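The structure presented is a predicted model; accordingly, all values stated were derived computationally and were not measured.
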Amino acid sequence: MAFIGNTNTTQAFTPAVDFFSGNGSTTAFTLSRPVASVAQVQVVIDNVAQNPSSAYTISGSTITFTSAPLSGTNNIYVYYTSPITQVIAPGQGTVTTTSFASGASEFASGTILLFQQTSAPTGWTKSTTHNDKALRVVSGSASSGGSVAFTTAFASQAVAGSVGTSGATTLSTSQIPSHTHDFTVYQTVSEGNGYPRASVQPNTPVGFATSATGGGGSHTHTGGTFTGTAINLAVQYVDVILAAKD
């Protein structure tokens, strides 16, 4: 398992006892091994156990008694009850890239990330394969496509076009359907040479029709021009770069 700090070692704990001789004035004694806490030793003076919360303190390899032990030969003993442990914490700002083994990195080589800056950070190489493109989120395989640049597609676009007609169109005879016109004539009877016309009654209507005209041909309408307000698609954006881990 990776770790930060000194190389760890495995050691077996061997119980030990330090003996000291009191002289009635000395309060500090040097231990044979460093201790991280008063809870790691038991201290006895003249066969009386000492209270670790008030009778003594320990700093590294030095035990200091609140009161000087009485004179006696080896009348003080310190019994080590647990393995020697020390916590080594690196100081803030002291762990840098040189603290890691050569080639060690939190990102595998070839990993590609987005960076909101112009140049790639140290240890990364800027990719120039893609430029002026949008990002698309997909749930399947990642790819690229499209043919229009981002700034071109999202530029301000003018609106213009043509409409059906701009005015009236007069149809010619050949452009209208074939048709006839009906009309009625009222005839009056007049006598000629003294003889009445008995075959026609006076004021009798007689129907007539004109000959057919028109051809049913096609016709066109002249187109007009339409313009409108431009559509502004200049969407706001933030530039990012792609960089691959070296």
Peer 1: Quick check: does any side chain N or O of Asp18 sit under 3.5 Å from a backbone N or O of Ser32, one acting as donor and the other as acceptor?
Peer 2: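 Pair found, side chain donor or acceptor close to backbone of Ser32.
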Peer 1: If hydrophobic clusters are built from ILVMFWY residues whose side chains come within less than 4.5 Å, do Leu114 and Ile112 share one?
Peer 2: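 Yes, it is one cluster - the side chains of Leu114 and Ile112 are joined through contacts under 4.5 Å.
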Peer 1: Check whether any side-chain heavy atom of Val78 sits under 4.5 Å from a side-chain heavy atom of Val35, and report yes or no.
Peer 2: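 No, every pair of side-chain atoms sits at 4.5 Å or beyond.
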Peer 1: Find the distance between OG (Ser127) and CG (Leu113) and round it off to the nearest 0.5 Å.
Peer 2: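 Atom-to-atom, Ser127:OG and Leu113:CG are 12.0 Å apart.
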Peer 1: Considering residues, nucleotides and ligands other than Tyr77, do more than 12 of their heavy atoms fall under 6.0 Å from its OH?
Peer 2: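 Open: at most 12 neighbouring heavy atoms sit under 6.0 Å from OH of Tyr77.
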Peer 1: Of the non-hydrogen atoms in Asn51 and Ser53, which two are nearest, and what is the gap between them?
Peer 2: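 The pair with the smallest heavy-atom distance is OD1-OG, 2.8 Å.
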Peer 1: Ignoring hydrogens, what is the shortest heavy-atom contact between Gly24 and Ser71? Give both atom names and the distance.
Peer 2: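 Smallest heavy-atom distance, with atoms named: N-OG, 3.7 Å.
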Peer 1: Between Asp46 (side chain) and Val48 (backbone), is there a donor-acceptor pair under 3.5 Å?
Peer 2: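 Not confirmed, Asp46 side chain does not pair with Val48 backbone.
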Peer 1: Whether the side chain of Thr66 engages the backbone of Ala55 through a donor-acceptor N/O pair (distance < 3.5 Å, no angle test) should be reported.
Peer 2: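 Here the side-chain-to-backbone pair exists.
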Peer 1: CG of Asp246 to OG1 of Thr111: how many Å apart, nearest 0.5 Å?
Peer 2: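 OG1 of Thr111 is found 11.0 Å from CG of Asp246.
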Peer 1: Restricting to pairs with a member in residues 137-154, which pass side chain to side chain donor-acceptor pair (under 3.5 Å), not counting sequence neighbours?
Peer 2: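 Counting only pairs at least two positions apart or across chains, the side chain to side chain donor-acceptor pair (under 3.5 Å) contacts touching residues 137-154 are Asp132-Thr151.
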Peer 1: What residues join Leu70 in its hydrophobic cluster, counting side-chain heavy atom gaps under 4.5 Å, either direct or through other members?
Peer 2: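 Once heavy-atom contacts under 4.5 Å are chained together, Leu70 still belongs with nothing else.
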Peer 1: NZ/Lys245 to OG1/Thr125 distance, rounded to the nearest 0.5 angstrom?
Peer 2: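 With rounding to 0.5 Å, NZ (Lys245) is 9.0 Å from OG1 (Thr125).
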Peer 1: Got a donor-acceptor contact below 3.5 angstrom from the Thr62 side chain to the Thr30 backbone?
Peer 2: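 Here the side-chain-to-backbone pair does not exist.
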Peer 1: Compare every heavy atom of Asn75 with every heavy atom of Gly22, then report the nearest pair and how far apart it is.
Peer 2: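 Answer, listing the atom of Gly22 first, then Asn75: N-OD1, 3.0 Å.
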Peer 1: Quick check: does any side chain N or O of Thr81 sit under 3.5 Å from a backbone N or O of Gln40, one acting as donor and the other as acceptor?
Peer 2: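 At least one qualifying donor-acceptor pair exists.
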Peer 1: Side chains of Phe20 and Leu31: does their closest heavy-atom pair fall under 4.5 Å?
Peer 2: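 The answer is yes, as the side chains (C-beta and beyond) meet within the 4.5 Å cut-off.
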Peer 1: Could you state the interatomic distance from CD1 (Ile76) to CD1 (Ile45), rounded to the nearest 0.5 Å?
Peer 2: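 Rounded to the nearest 0.5 Å, the CD1-CD1 separation comes to 5.0 Å.
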Peer 1: Within the side chain of Thr27, is there an N or O that forms a donor-acceptor pair under 3.5 Å with the backbone of Ser67?
Peer 2: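 Absent.
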Peer 1: Hey, what's the ring geometry for Phe107 with Trp124, parallel, tilted or perpendicular (30° and 60° as the breaks)?
Peer 2: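 It falls in the perpendicular class, over 60°.
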Peer 1: The criterion is ring-ring contact (aromatic ring centres under 6.0 Å, His included); which residues satisfy it with Tyr79, sequence neighbours excluded?
Peer 2: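 ring-ring contact (aromatic ring centres under 6.0 Å, His included) check on Tyr79 returns nothing, list empty.
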Peer 1: Measure across Ala153 and Gln157 and return the closest heavy-atom pair with its distance rounded to 0.1 Å.
Peer 2: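 Taking every non-hydrogen atom into account, O-NE2, 4.0 Å.
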Peer 1: Search all heavy atoms of Arg33 against all heavy atoms of Tyr80 and return the closest pair with its distance.
Peer 2: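 Looking at all heavy atoms of both residues, the shortest contact is CG-CE2, 3.3 Å.
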Peer 1: In terms of the angle between their ring planes, are Phe29 and Phe65 parallel, tilted or perpendicular, with boundaries placed at 30° and 60°?
Peer 2: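 Ring orientation of Phe29 relative to Phe65: perpendicular.
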